[in-house]
Amino acid sequence: MNLTKDKTGVMTTARKGWNPRLVVFACNWCSYAGADTAGVSRIQHQPHFRMIRVMCSGRIQPGFVLRAFEKGADGVLVSGCHFGDCHYVFGNEKAVEQFEKTKSVVKMLGLEEGRLRLEWISAAEGARFAQVIDEFIEQLRELGPSPLSRARSGDEAAGALTPEAEEVEARV
Amino acid sequence: MTQPDEYQMGLSSRKAIYIPFPQAVPCSYILDMEHCLGNNPIACGKCQDVCEKQAINYDDADEVITREVGAIIVAIGLDVYDPTEMDEYGYTRYDNVITSMEFERLICAGGPTAGHFVRPGDSQRPKRIGFVQCVGSRNPKIGRPWCSNICCMNTVKDTLLLADHYPDVENVVYYQDIRAFGKSFEDMFQRSKEAGTRYVRGLPGDVEENPTNGNLLVTVENTTSGKLERHELDMLVLSVGVEPPKDLAKISGLLTLSKTSDGFLMESHPKLKPVDAPTRGVYFAGFCESPKDIKDSVCQAGAAASRAGALLNAGKITIEAITSQIDAESCTKCGVCARVCPYGAIQWKKGEVAVVIEAACAGCGACGAACQFGSITMRHFTDAQLVAQVRAIMAEKPKEKVMVFACNWCSYAGGDMAGISRIQYPATNRVMRTMCSARVSEDMVLEAFRVGAPIVLVSGCHYADCHYINANRQTVQRVQRLWNKLEKAGVRPERLQLEWISAAEGQKFAQVMKQMEELRQTVTDEEIAHAMEALKPKPKKKPKPKAEPAAAAAP
Amino acid sequence: MSELQAVTTGTRTWACYDCGKCTATCPIARAGAQYSPRRHVLAANSGQKAEVLEESGSLFTCLTCSLCDSRCPAEVAYTPLVQKLREVAYKEGVEPDCPHGGALQSLMRMMARGGTQQDRMGWLTEDMKTTPDQGEVFFFTGCTMYFDTLFPELEANTLDATRASVQLMNRLGITPVVSPEERCCGHDLLWNGDRKGFEALARFNVDLVKKSGAETLVASCAECVRTWKLDFEPFFEGKPPKIVHISELLAERLGELPLKGNGGRKVTFQDPCRLGRHLGVYDAPREVLDALPGVERVEMPRSGKRAQCCAGGTWSHCDRYAKKIQTERLKEARATGADVLATACPKCQIHYRCAMKDPNLGGDIGIEMRDVAQLALEALGEEDTSH
């Protein structure tokens with residue numbers, strides 16, 4: 001790990017030019033609250049993710065995850081309540097069902113397994129949230145940009161896309 | 001012995017001996033020999049037994065009567081569309097879906113139910129009756145693009161009949177347009193609406209049947225309101241369109257009549273000669289020429305009769321001077337001339353010499369150009385005369401000239417039009433006039449190349465507008481064959497051009513001449529020389545000498 | 001010529017009589033939705049893109065089943081018109097509803113873009129003989145492996161038809177090319193208006209098959225066959241391969257195989273829209289069924305040219321009207337007394353099985369479903385192909 005300080009003085013492993021883009025689907029009652037907890041507790045962690053709040057992790061169907069990858073996400077994290085703690089009783093069991101499908105499709109499509117994760121993070125687990133994020137980001141750094149993202153060649157500006165693919169992406 | 005009664009649309013039956021319909025002319029009985037059980041005492045013969053006048057003859061047969069006539073009026077009528085194939089309306093699948101023809105019988109006092117209007121399914125009187133228009137008309141998809149003329153008013157009339165007989169009836173008409181052009185037709189249409197008929201602008205999609213009561217569920221988009229409506233009806237009448245009669249092909253073949261693209265018979269001129277066939281002496285009346293109602297049919301019949309009368313009473317008629325003449329000696333009896341004649345003016349039977357009926361010949365020259373054996377002379381436009389013209393035109397400096405064969409009625413007139421319009425164009429073309437582009441034979445074109453023409457243009461009337469009905473079809477075929485020939489001989493096929501220029505198209509004439517000049521400039525001396533050599537005439541096909549019967553026995 | 005003018009000239013939209021027969025025939029309209037094909041024709045004829053866009057809310061509702069095309073007296077080519085209008089709308093930013101969270105469209109676009117190495121051969125079993133890149137016959141798999149993964153609860157097992165097709169070809173002595181590089185044919189991108197996405201897939205797939213040297217292309221999905229035959233045509237340079245649906249191949253050659261009885265079974269056939277009305281293939285699957293010993297073929301009242309769409313609708317739209325159409329069709333199938341509803345397209349399988357999942361209706365509309373290829377394989381008496 002190559003630790004450097006960025007301009008705010010935070011220790012990061014930010015590589016020059018490219019940082020992974022992680023999309024996090026977090027359930028409202030546990031995981032999103034857990035992220036909040038990390039925040040108010042001032043726990044430092046990697047900033048390279050964007051969170052999409054849903055009411056329950058069971059809402060996350062393969063289509064949403066695929067859309068994230070289609071748009072160039074390097075990694076996707078689905079996060080919900082621990083078993084037995086789901087605000088909607090068994091929503092997180094549904095989440096697992098959907099996630100299995102998602103995982104299979106993503107694998108079939110040819111994306112690396114490490115780009116997709118399912119985690120259970122409760123509202124109190126701010127530290128766990130930060131840890132998961134840090135680990136995932138690091139893993140994504142090792143994996144490199146998603147084959148479907150523009151930054152495949154390592155350079156944000158270049159893209160290994162055919163003219164048609166450029167058009168396709170422009171529309172998307 | 002009973003059979004379905006054809007006149008009653010199969011809704012009731014008749015015997016094997018019957019009067020076809022009350023107004024039949026003559027109003028006498030006929031025997032349906034196909035189904036009659038015969039004179040055999042074991043089988044039947046009952047009718048003959050009871051006939052006081054002994055008018056029944058089982059052995060009567062078709063008689064072929066030969067008459068020589070001066071005029072023929074073709075009034076062979078129409079056939080009606082069979083909507084069985086339009087499966088979405090369920091005709092023959094659902095009892096209570098009928099055609100407008102069947103409707104007529106059911107409501108007619110002389111019909112199978114004596115005019116008590118009942119529906120086929122359960123013989124109950126229907127109260128809610130729907131009419132679907134344009135079934136088999138205005139429908140390019142099924143090959144019937146025309147409007148059948150009569151169905152709108154027929155349905156309007158039907159609604160009035162129903163409203164008159166049964167005041168509680170609820171009529172609905174599903175239409176695209178209501179075509180009510182004739183005298184007092186608009187008034188009738190308004191009366192139909194006044195009587196309570198509902199007119200819904202929209203053609204139904206699939207019709208469904210309620211199996212318990214035989215009622216019909218019709219789904220239709222009311223295009224005026226944009227709403228999808230569902231109507232439950234007791235009965236549905238399909239307003240079927242009309243079509244050319246099925247035996248029209250036979251008649252048109254016999255009389256060499258042309259058809260328009262919809263299959264009805266073609267008149268000589270759509271405005272100026274509406275009852276004449278292009279073949280002189282043949283006239284049309286009624287449906288076979290185009291769909292029309294009774295009044296217009298009667299009008300047309302009167303017109304046809306007077307035209308025929310004018311011809312027959314003329315005493316003297318003027319015939320074409322430019323006619324075809326066949327040399328019986330050299331005719332090989334191949335029949336090609338008879339086939340290409342647009343007027344049927346050449347009589348030919350297999351194994352016999354072809355004979356031209358001069359009064360019927362219009363002088364297009366298609367036969368003359370088609371004859372491979374030089375047996376046909378076109379008066380005033382003989383092969384020798386035409387070839388001489390070609391040679392004369394190309395006698396001096398042929399490579400600076402474009403040889404143009406122009407038909408008298410269109411292309412030559414088009415050239416005239418360009419002239420009087422003072423349109424400027426290159427002066428390299430030399431125009432030779434024939435009556436029809438079909439007169440231009442293979443030999444004439446090749447002769448033009450042989451004497452050094454760089455470019456030859458054959459020009460005639462637009463394809464469907466040939467003055468001689470369809471003779472320019474021969475032109476196309478001939479030019480295509482010539483293109484193949486040229487290619488095989490190593491001559492650039494584009495040195496022979498084909499254009500359709502009408503009498504009004506002075507501009508086009510000028511433009512084409514310009515194009516021909518541009519093309520001429522691309523033709524090299526070598527090409528011209530090569531063509532002159534490569535297209536030299538092959539020995540002319542000599543007809544086989546007629547076999548002498550004695551020759552076989554000669555030692 | 002403006003874009004819309006080119007569209008209306010090419011599809012004969014100008015010939016429209018405004019008779020409304022299309023709407024009165026349309027299964028969606030008849031099911032109760034506010035949908036009128038005629039209005040889209042009128043909008044197109046107005047020549048104003050704004051009018052087309054005003055109607056575009058319902059533009060993606062069309063099932064593209066072509067039933068209206070088959071009835072239109074004026075020969076307006078409505079289905080091609082809808083496809084072109086969707087392209088126009090798509091360029092202006094109008095998107096279809098994309099059921100299933102847009103999963104299918106995302107997948108297709110990711111394949112269009114390329115860049116990943118798919119892992120799509122897992123369905124092949126050891127007994128199947130295939131070759132990965134060169135051969136005379138190319139078997140175009142399609143996306144059944146993705147469908148089965150995305151919809152396991154439907155138990156559609158669309159891969160069974162894929163497997164059966166390969167096994168049958170093997171029995172006929174054909175070792176087809178099954179390529180790991182294959183990508184989605186793009187049928188649904190095309191019908192969703194995404195022209196660029198479709199073209200990227202078209203070019204790639206045409207190139208792939210060209211490199212394989214195949215002279216014949218076989219597919220078990222009716223939509224793939226339609227796309228290859230009609231929509232890929234402009235992308236071929238030179239002579240395209242012969243393109244057939246597996247049922248056409250079987251109709252020709254099934255007689256070469258020893259067929260055993262399947263027990264007496266009544267089978268009714270659902271004509272997929274893409275195979276039937278789009279391609280005009282009605283007889284081949286029926287010939288296959290008739291050749292199977294022990295199978296008695298019964299027809300639904302609305303079959304052949306009149307067959308009703310499964311309301312799959314190119315993944316652009318799904319609602320209660322689609323469900324109604326599916327329910328009515330399944331009832332129609334049950335009413336024939338058939339034991340099995342046979343079809344020749346994975347989309348039909350998926351959508352009818354989805355309808356059958358309804359716990360309130362299940363009893364009335366449940367019926368065993370099989371692909372024609374499966375039935376043919378079962379008639380070889382060697383195995384039960386349902387997994």
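The sequence lines fix the lettering, A, B, ..., with proteins before strands; numbering per chain opens at 1. If you're wondering where the values come from, they're calculated on a predicted model, not measured in any experiment.
In the displayed structure, F25(A) atom CZ is contacted under 6.0 Å by more than 12 heavy atoms of other residues, nucleotides or ligands. Environment of CZ in F90(A): sparse, with no more than 12 heavy atoms of neighbouring residues, nucleotides or ligands closer than 6.0 Å. In this structure, R59(A) places its CZ atom where only 12 or fewer heavy-atom neighbours from other residues, nucleotides or ligands lie under 6.0 Å away. Other residues, nucleotides and ligands contribute only 12 or fewer heavy atoms inside 6.0 Å of the NZ atom of K94(A). Counting heavy atoms of neighbouring residues, nucleotides and ligands inside a 6.0 Å radius, atom CD of E233(C) does not exceed 12 of them.
With hydrogens and angles disregarded, no donor-acceptor distance shorter than 3.5 Å links the side chain of S104(A) to the backbone of T149(C).
Between P62(A) and A103(C), the shortest heavy-atom distance links the atoms C-CB, 4.5 Å. Of all heavy-atom pairs between L148(A) and R113(C), the closest is O-NH1, 2.6 Å. Closest non-hydrogen pair, Y146(C) versus L109(A), comes out as OH-CA, 3.4 Å. For G115(C) against P147(A), the heavy-atom pair with the smallest separation is O-CB, 3.3 Å. K107(A) and D119(C) make their closest contact through NZ-OD2, 2.9 Å (heavy atoms, listed as atom of the first residue, atom of the second, distance). G101(C) and Q61(A) get closest at one heavy-atom pair: N-OE1, 3.3 Å.
With values rounded to the nearest 0.5 angstrom, Q98(A) atom CD is found 9.5 Å from L150(C) atom CG. With values rounded to the nearest 0.5 angstrom, R67(A) atom CZ is found 10.0 Å from M110(C) atom CE. The structure places CG of L107(C) at 5.0 Å from CG of L66(A), a figure rounded to the nearest 0.5 Å. To the nearest 0.5 Å, atom CE of residue M108(A) and atom CD of residue Q118(C) are 9.5 Å apart.
Heavy atoms of M145(C) lying under 4.5 Å from chain A belong to its backbone as well as its side chain.
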